[in-house]
> 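Take this structure first; my questions come after.
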Amino acid sequence: MYHKRVCPTLLISGDGLVKTKRFKRPNYIGDPINTLKIFNEKQVDEIIILDIDAWKKSHVQFELLKEIASEAFIPLSYGGGLKSMSDLDYIFKIGFEKAIINRAAAHSSYLIKTAVKKFGSSSIIGCLDVTRPLLGNGYRLRHNKMVKISEMIRLYEDAGVGEILVVDSDRDGTYAGLDVELAEKVSKYCKLPVTIAGGTSDYNDAINLLNTTDVQAVGVGSAFIYRAQGQGVLINYPDRSLLRNRIREYV
Amino acid sequence: MIGVIDIGVGNVGSVIAMLEYIGSRSCLIDTPSQLDSIEKIILPGVGAFDTGVSLLKESGLYEAIQKAHEKNQQDILGICLGAQLLGHCSEEGTKSGLGCIDFKTLDFRRRISLRTPHMGWNRVELCTGKEYNNFLDNLNLSDDDRFYFVHRYYMECQNTGVHAAATMYERLFCSVVSCNRTVGVQFHPEKSSLSGLKLMKAFASHVS
């Protein structure tokens, strides 16, 4: 029986784990290696790691990522600053299953097509970094306001990625709840497995979204890092049997 | 000593990490001569079929692994793409696989309506009542065991003699193939937490 996934989503800045609100004002949480150890022991479904500075600084922290990966006997995805085939070569070699491409895809799908040819479609995730305009409705890409989300999905599908990751930047760190409408829109438009992250209020919110939409996985940040909104750090994850019993079978 | 084939497609880091964790000695292999001194071989793989075949051929390991399988004196474990490479061919590419085990690899997209790649945790049902003459004979999977899959192409055995386990993703597909001392697993034991550790321990400790 196939299980949809609930994935802790960790943000790195420098050599520390951070939590942000709308990807701003990073708050230092702790050592990422230690946090990985804890999630590994809790046997979480999968972990998504995003380096929020890597693109700006043009630097991927391979040594840190190698140490992080060595703690995990669970699947890992990484995104942040991946721009070249040699970046991707190394990411897979050190132990990540999937590489998340976001801004490198903005102007050309060449990197993705080449990566899919070498590493296989299952290894490459196309990221949609989503925001809402100040005026009017709908959604758009945070770093590529001229391209429609639907166009970006087509670009990713045509380039051969294996999965789409929707990062809801507006809801990051807010506990506002996952945007079900956004999840439904993307998953209806797209044939690939979709993961959505941003705004999860608690694990019930994640389970509810998985049970009511065709999304395959949810990325959860703050709810698995803090004891509760406004409270201190407590790395947590629901019991596996709870998730197995509550998440409906995907058929 | 367990040799982990490193030809540039595969997260060898994770395989080595799990082997270290269970206390098994391991080394990286990128030339045929290195195969002589080891008891067991792991062929990991994350990537595209044709790329895997080309890299194996360039390194000389293509023929070396075929020979090792024929001699049947070393345990061989193929993981994900590494498992698929043990078969004849794949709909993902045009090149020939190692042909060690009688199966071919097909594309999910032509046969099921669920979203692909098959990406996540799933059950593996070992075929009972068979004698495998490899580590599968010592592998006791319970109802709680789950393994991590991430693949768009799946193994299909017309030859029931090599079919060792099935997994359900809209349809039943072959998740483990076995022929003498060579086994291929579609999932990633090195990323399957406790269930994966159980399998790796069984592989590492098996004595023929």
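Bear in mind that the values here come from a model prediction, so they are computed numbers and not experimental data. Lettering of chains follows the sequences in order, A, B, ..., and the numbering in each one begins at 1.
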> Angle between ring planes, A:Tyr2 versus B:Tyr169, binned at 30° and 60°: parallel, tilted or perpendicular?
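Ring orientation of A:Tyr2 relative to B:Tyr169: perpendicular.
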
> Taking all heavy atoms of B:Thr116 and all of A:Leu192, pick out the closest pair and write down the distance.
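For B:Thr116 versus A:Leu192, the nearest heavy atoms are O-CD2, 3.9 Å.
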
> What is the minimum heavy-atom distance between B:Trp121 and A:Ile74, and which atoms define it?
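Minimum heavy-atom contact is CZ2-CG2, 4.4 Å.
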
> Using a distance-only test with no angle check, is there a side-chain donor-acceptor pair under 3.5 angstrom linking B:Tyr148 and A:Glu46?
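Per modelled atom types, B:Tyr148 and A:Glu46 side chains form a pair under 3.5 Å.
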
> Rounded to the nearest 0.5 Å, what's the gap from OH on A:Tyr250 to CG on B:Asn122? Could you check?
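Interatomic distance, A:Tyr250 OH to B:Asn122 CG, rounded to 0.5 Å: 12.5 Å.
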
> Among A:Arg244, A:Gln216, A:Lys66, which residue forms the greatest number of heavy-atom pairs with chain B at distances under 4.5 Å?
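Maximum pair count with chain B is reached by A:Arg244.
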
> Quick one: what part of A:Ser241 sits under 4.5 Å from any heavy atom of chain B, side chain, backbone, both or neither?
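Neither; nothing under 4.5 Å.
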
> Does anything in residues 104-115 of chain B reach chain A? List residues with heavy atoms under 4.5 Å apart, or say none.
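Hits under 4.5 Å: B:Leu114, B:Arg115.
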
> If you count heavy-atom pairs within less than 4.5 Å of chain B, which of A:Ser121, A:Ala115, A:Ser123, A:Ala217 leads?
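Ranked by contacts with chain B, first place is A:Ser121.
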
> So which atom in B:Lys191 and which in A:Pro75 form the shortest heavy-atom distance, rounded to 0.1 Å?
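Closest approach of B:Lys191 to A:Pro75, heavy atoms only: O-CD, 3.4 Å.
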
> Under 4.5 Å heavy-atom distance to chain B, tell me which part of A:Lys191 shows up: side chain, backbone, both or neither.
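The answer is the backbone of A:Lys191.
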
> Does atom NZ of B:Lys67 have more than 12 heavy-atom neighbours from other groups under 6.0 Å away?
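Not buried by this count: 12 neighbours or fewer within 6.0 Å.
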
> Is it the side chain or the backbone of A:Lys98 that comes within 4.5 Å of chain B heavy atoms, both, or neither?
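For A:Lys98, the contact with chain B is made by the side chain alone.
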
> If you tally heavy-atom pairs under 4.5 Å against chain B, which of A:Lys4, A:Gln43, A:Glu71 wins?
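Between A:Lys4, A:Gln43, A:Glu71, the count favours A:Gln43.
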
> With a 4.5 angstrom heavy-atom cut-off, could you sort out which part of B:Ser192 is near chain A: side chain, backbone, both or neither?
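Contact with chain A involves the backbone of B:Ser192 alone.
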
> Between B:Met18, B:Arg123, B:Met168, who has the most heavy-atom pairs with chain A when the cutoff is under 4.5 Å?
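Of the candidates given, the most pairs with chain A belong to B:Met18.
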
> Go through it in stages, so that I can follow the logic: the residues are B:Arg152 and A:Ser122, the test is side chain to side chain donor-acceptor pair (under 3.5 Å), and I'd like the CA-CA distance, side-chain angles, deciding distance and then a yes or no.
CA-CA 7 Å; B:Arg152 178 166 262 165; A:Ser122 305; 6.0 Å; no

> Apply side chain to side chain contact (heavy atoms under 4.5 Å, CB included) to the pair B:Asp50 and A:Lys117, showing each step before the final yes or no.
CA-CA 9 Å; B:Asp50 281 359; A:Lys117 205 162 168 205; over 6 Å; no

> Pull out the residues in residues 193-201 of chain A that come under 4.5 Å of chain B, heavy atom to heavy atom, sorted by number.
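Within residues 193-201 of chain A, the residues under 4.5 Å from chain B are A:Pro193, A:Val194.
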
> Look at B:Gly52, B:Gly120, B:Pro189, B:Pro117 and state which one has the largest set of heavy-atom pairs under 4.5 Å with chain A.
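Ranked by contacts with chain A, first place is B:Pro117.
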
> Is B:Glu20 in contact with chain A via its backbone, its side chain, both, or neither, using a 4.5 Å heavy-atom distance?
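Neither part; nothing is under 4.5 Å.
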
> Is it true that, when you exclude A:Phe62 itself, more than 12 heavy atoms of the residues, nucleotides or ligands shown sit nearer than 6.0 Å to its CZ?
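Correct, the count exceeds 12.
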
> Regarding A:Lys93 and B:Asp6, does a basic nitrogen lie under 4.0 Å from an acidic carboxylate oxygen?
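Salt bridge: yes.
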
> Measuring heavy-atom distances to chain B, does A:Asp45 have an atom under 4.5 Å in its side chain, in its backbone, in both, or in neither?
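Interface part for A:Asp45: both.
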
> How many angstroms lie between atom CD1 of A:Ile94 and atom OG of B:Ser14, to the nearest 0.5 angstrom?
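That separation rounds to 9.0 Å.
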
> A quick test of your reading: do over 12 heavy atoms of other residues, nucleotides or ligands sit less than 6.0 Å from OH of A:Tyr189?
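Counting other residues, nucleotides and ligands, OH of A:Tyr189 exceeds 12 neighbours.
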
